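Here is the structure we will look at, set down as structure tokens.
Fair warning: this is a prediction, and the values are worked out from it, not measured in the lab. Just so we're on the same page: letters track the sequence lines, and every chain starts at 1.
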Amino acid sequence: MARRKLLGKGTTVPEPAHLRLADAPAYAPEHVADLNDLLTRVGRGDEHAFAEVYDALAASVHGLARRVIRDPARAEEISQEVFIQVWQSATRFDASRGNAKSWVLTLAHRRAVDAVRHDQAATNRENKYDWSNGPDYDEVEETVTISLEHEQVRRCLDGLTQLQREAVTLAYYQGYTYAEVATALDANTATVKTRMRDGIVRLRDCMGVAS
Amino acid sequence: MSSDLHSLMAPYALDALDREEHERFEAHLAQCVDCQGELAGFTATAVRLGDAVSHTPPPALRDRLLAEIRTTPQERPVVTALAQRRSLRRTLPRLAMAAAFLVGTVGVGGYVVEHRNAQEVRTYDAAVERVLSSPDAQTIEKSFNAGGNVRMVMSPTANAAVIFANDLPDPGRGKVYQVWMIGDDGPASQGWFKKSDSMVMNDIKDADRVAVTVEPDGGSKQPTSAPIATIGI
């Protein structure tokens, strides 16, 4: 339950902390081409290629699952499901329409968000008639903190307004719907959607992602 | 693109839509080339956020996976080839697309197209495409010794599944095959057919399996026989 408690009104969200630099991830064109080629080979049933795709992307997938799901054991389960899904669906990967890393991480994020929402719904059902603890609004701070390994992403997130940053990170890193984000931030849903959009556009331009 | 749907693009890229809006946006997206261009940039940005929190998994996970894939079948290329050609298919009339897909996979396109009105076909077609084009769509097939097979493509993301029954044996005089989705609330009928058909099932999230039983013509309210096929969700 503590995993996705909403923020109380007036709660301030701390700035991202615990940041450190890491090696730049593989965005160089030759890496992209290699991974695309590997994933295409996975689609033809190549187990060695699968092992190489796993080695290249396991930390990204697992890190994302842990970030969204928080429970390490559950995150490991989801990471496993994601890679099984990669194995099964690689037949549908089309290198001319997108890159392998993006394809895998998009799949991983959806799966992680589905899992955290599903688990939360189950917890809510169990707790439906349990009022003993009362509503609890004030223990989220730590879960909003982001342990970023990539300096550029940190810098770009820092460049957002606080509301933009909160809207983007609560959704992406905690699996909140925009309606939940609105409740958490005590803002209306139209404002939250706009802040998400402004936030992504600014991040996109800051990161130099082609638009 | 309407401003209402347009405002859903950023939440969509962040996976911040609820199920219903997610589906609504994807149905729109399949037909909106302009949106796809902008969305690609949003998605690439989200991926960078995802990539910024990497964490090395325990080594045992690698071993488990490499063992597991050895016994895990991959999706069949017949479905996948169609899903990959989304950009081409966007330019085809949607009705022809639905027919081509059904003929290509199970050979019952004629039946379905002839017996559904245009609106139904459009809705159905959008639902089929949504399932097939989801990155997490997976296919399960059951073949029968007496001939025919049942194939199901499902996607947790789309929260929907499409089931294709192909050339099943005659269920007997006055009998039909009925499809059930089974969850906590028990079996819910999805419809029935005689030999070959396809149907879209929505809201699969709360179900844990799909079953096919033989029932009296017109269908039953609850299954009255043991399933001839059960597919886990």
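- In terms of heavy-atom proximity, A:Gln80 sits nearest to B:Leu61 at CB-CD1, 3.6 Å.
- Minimum interatomic distance between A:His109 and B:Leu14 (heavy atoms only, all atoms of both residues): CE1-O, 3.3 Å.
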Quick one, B:His22 with A:Arg110, criterion side chain to side chain contact (heavy atoms under 4.5 Å, CB included). Give me CA distance, side-chain angles, the key distance, then yes/no. CA-CA 11 Å; B:His22 184 93; A:Arg110 288 204 181 147; 4.2 Å; yes
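- For the atom pair A:Leu107 CG and B:Thr157 OG1, the distance stands at 6.5 Å (nearest 0.5 Å).
- When heavy atoms are compared at a cutoff of 4.5 Å, A:Tyr172 approaches chain B by way of both its backbone and its side chain.
- Contacts with chain A were tallied for B:Thr43, B:Thr72, B:Thr45; B:Thr45 has the most, counting heavy-atom pairs under 4.5 Å.
- If you measure heavy-atom distances from A:Asp55 to chain B, the contacts under 4.5 Å come from the side chain alone.
- Look at A:Asp114 and B:Lys205 and you find a salt bridge, because one of the NZ, NE, NH1 or NH2 atoms lies within 4.0 Å of a carboxylate O, short of that distance.
- B:Gln74 places a side-chain N or O within 3.5 Å of a backbone atom of A:Gly45 that can act as its donor or acceptor partner.
- Heavy-atom minimum distance, B:His6 versus A:Arg197: NE2-NH2, 3.3 Å.
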Please assess A:Trp87 against B:Glu68 for the test side chain to side chain contact (heavy atoms under 4.5 Å, CB included), listing each intermediate value before the final yes or no. CA-CA 10 Å; A:Trp87 169 254; B:Glu68 195 174 343; over 6 Å; no
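- Taking CD of A:Gln88 as the reference point, atom CD1 of B:Ile69 lies at 11.0 Å (rounded to 0.5 Å).
- Interface check for chain B: of the options A:Val113, A:Thr106, A:Val168, the most heavy-atom pairs under 4.5 Å are formed by A:Val168.
- Closest heavy-atom contact between A:Thr177 and B:Asp18: CG2-N, 4.2 Å.
- Interface remark: A:Arg66 contributes side-chain atoms only to the contact with chain B (heavy atom separation under 4.5 Å).
- With a 4.5 angstrom heavy-atom cutoff, B:Arg19 does not touch chain A via any of its atoms.
- In this structure, no portion of A:Arg195 lies under 4.5 Å from any heavy atom of chain B.
- Contact count against chain A (heavy-atom pairs under 4.5 Å) is highest for B:Leu65 among B:Leu17, B:Leu65, B:Thr56.
- Once rounded to the nearest 0.5 Å, the distance linking CG of B:Leu49 with CG of A:Leu64 reads 9.5 Å.
- Proximity to chain B (any heavy atom under 4.5 Å) is shown, for A:Val104, by neither the backbone nor the side chain.
- Annotation: side chain of B:Phe42 is in contact with side chain of A:Val201 (closest heavy-atom distance under 4.5 Å).
- Contact annotation for A:Val42: both backbone and side-chain heavy atoms come within less than 4.5 Å of a heavy atom of chain B.
- Residue A:Gln85 touches chain B through its side chain alone, counting heavy-atom pairs closer than 4.5 Å.
- Here the CD atom belonging to B:Glu38 is positioned 6.5 Å from the CZ atom belonging to A:Arg204, to the nearest 0.5 angstrom.
- Considering all non-hydrogen atoms of both residues, A:Val153 and B:Arg48 come closest at CG2-O, 3.7 Å.
- Contacts between B:Ala46 and chain A at a heavy-atom distance below 4.5 Å involve backbone atoms as well as side-chain atoms.
- Closest of all the heavy-atom pairs between A:Ala51 and B:Leu66 is CB-CD2, 4.0 Å.
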Evaluate the side chain to side chain contact (heavy atoms under 4.5 Å, CB included) criterion for residues A:Arg67 and B:His55: first the C-alpha distance (whole Å), next the side-chain angles of each, then the deciding distance (0.1 Å), finally the verdict. CA-CA 9 Å; A:Arg67 187 69 193 79; B:His55 187 113; over 6 Å; no
